[in-house]
Number of protein chains: 2
Amino acid sequence: MGKMNRFEDYDCSGGCPVENALEQISGKWKGLIIYHLLGGTLRFNELRRRLGTVTQRTLTKQLRELEEAGILTREVYAVVPPKVEYSLTEKGQKLQAVVEGLHAWGIAFPTPRAAVAEE
Amino acid sequence: MGKMNRFEDYDCSGGCPVENALEQISGKWKGLIIYHLLGGTLRFNELRRRLGTVTQRTLTKQLRELEEAGILTREVYAVVPPKVEYSLTEKGQKLQAVVEGLHAWGIAFPTPRAAVAEE
DNA sequence: CCGTATCCATGAAGATACTG
DNA sequence: CAGTATCTTCATGGATACGG
C-alpha cells in the first residue's frame with residue numbers, strides 16, 4: 001500500500017481534481033493573469049498592458065470569473081479617477097508552483113510551429 | 001542582479017512561455033489525458049473509459065493535437081482487431097510535476113459551486 | 001477496435017462605441 | 001481609469017451514423 005496504483009481506478013465521471021482545477025483556470029488569459037499577479041497587486045490597466053492584446057471586455061470577464069472562483073480579489077477605491085486593484089488570494093497563490101512550472105516548460109518546449117522548410 | 005524583477009518587463013505581445021504552454025495543453029480533455037498517461041501507455045478505449053463521457057470524435061481530435069504538439073506518440077499495431085497505443089513523449093512526461101500540482105490543487109480547492117444554502 | 005464523416009449548438013472572445 | 005453594451009465571428013466539442 002502507500003503508493004498503490006493511483007492511476008488505476010481514476011474514474012472521472014462526475015468530476016475529478018485535475019479536470020476541476022483546469023476548469024477554474026481555463027480561459028485564454030487566466031494563466032497569464034495569475035502569472036503576472038504572482039509579482040504582486042496590479043491595477044486593471046497595468047494588467048491590460050502586460051497582456052498585450054486583450055480587450056477590455058474580455059479582460060473584465062476573465063477577472064470576474066477568477067474572482068468568482070476565489071482565485072483573486074478585486075478592491076475598488078472610491079477615488080477619482082477610479083482605481084481598482086487585483087491581487088491573488090491564498091488559493092490563487094497556491095498556484096504559483098504550477099504556473100511557474102508551466103512557464104519553465106513553455107521555455108523548454110516551444111510550440112512546434114510545423115516542420116516546414118525542414119529536411 | 002540574478003533574481004531581478006522577472007515580473008516587471010514580461011511583455012507578452014508576440015507570445016510568452018506561459019501562454020505558449022497553455023496553448024499546447026488547452027482543450028477540454030487534454031490535461032486529463034496527460035494525467036492518465038502518466039501512469040503508462042494506454043489504448044484508445046482504455047483512455048476513453050477513464051475519461052468517462054468523451055465522444056470518439058473528440059477524443060481522437062484531442063489525441064491528434066497532443067501528438068502534433070509532440071506531447072504523446074501514437075503507435076499502431078497491424079493486427080485485427082486494431083490496436084493503438086498512446087504514450088507520453090519526454091516532452092509530455094516533463095509535464096508531470098505541473099499536472100500533479102494541478103491535481104493536488106484541485107483536491108485542496110474544489111470549484112466553489114455557488115454559496116447557496118450557506119449562511 | 002479504432003477510427004471518419006456530417007451536421008449542429010454553444011459560448012468564448014474580438015471589434016467597436018459609449019459612460020460614471 | 002475602469003469599466004458596460006452590442007454585435008459578430010469562429011472554433012470547440014457533442015450527437016449520430018458509417019467504415020476498414
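These numbers come from the heavy atoms of this one structure, side chains and all, not from hydrogens, waters or symmetry mates.
- Taking the side chain of B/Gln56 as heavy atoms from C-beta on, and the options C/dG3, D/dG13, D/dT4, the nearest nucleotide is C/dG3.
- If you measure from atom CZ of B/Arg74 to atom P of C/dC2, you get 10 Å, rounded to the nearest angstrom.
- Atom CG in A/Leu63 sits roughly 16 Å away from atom P in D/dC1 (whole-Å rounding).
- Annotation: cation-pi geometry satisfied between A/Lys83 and A/Tyr77 (NZ/CZ under 6.0 angstrom from ring centroid, within 45° of ring axis).
- Computed from coordinates, the A/Leu42 CG to D/dG3 C1' distance equals 17 Å when rounded to whole Å.
- Residue order along DNA chain D, read from the 5' end via each residue's closest nucleotide, puts A/Glu85 first among B/Lys28 and A/Glu85.
- The distance from atom NZ of A/Lys61 to atom P of C/dA13 is 6 Å, rounded to the nearest whole Å.
- Summary of the strand contacts: A/Ser26 and A/Pro82 both lie near DNA chain C, and taking for each the nucleotide with the nearest heavy atom, the more 5' one is attributed to A/Ser26.
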(Q) Run the salt bridge (Lys or Arg N to Asp or Glu O under 4.0 Å) test on B/Glu90 and B/Lys94 for me, step by step, so that the C-alpha distance in whole Å, both residues' side-chain angles and the decisive distance to 0.1 Å come before the verdict. (A) CA-CA 6 Å; B/Glu90 245 206 83; B/Lys94 290 269 176 57; 3.3 Å; yes
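- With D/dC1, D/dA2, C/dG3 as the candidates, the nucleotide lying closest to the side chain of A/Pro81 is D/dC1.
- Distance, B/Arg43 CZ to C/dG3 C1': 13 Å, rounded to whole Å.
- Inter-residue side-chain proximity for A/Glu65 and A/Lys61 is flagged as met; some heavy-atom pair is nearer than 4.5 Å.
- Counting distance only, with no hydrogens placed and no angle test, the side-chain atoms of B/Arg57 and the base atoms of D/dT12 include no donor-acceptor pair under 3.5 Å.
- In this structure, B/Glu68 places its CD atom where only 12 or fewer heavy-atom neighbours from other residues, nucleotides or ligands lie under 6.0 Å away.
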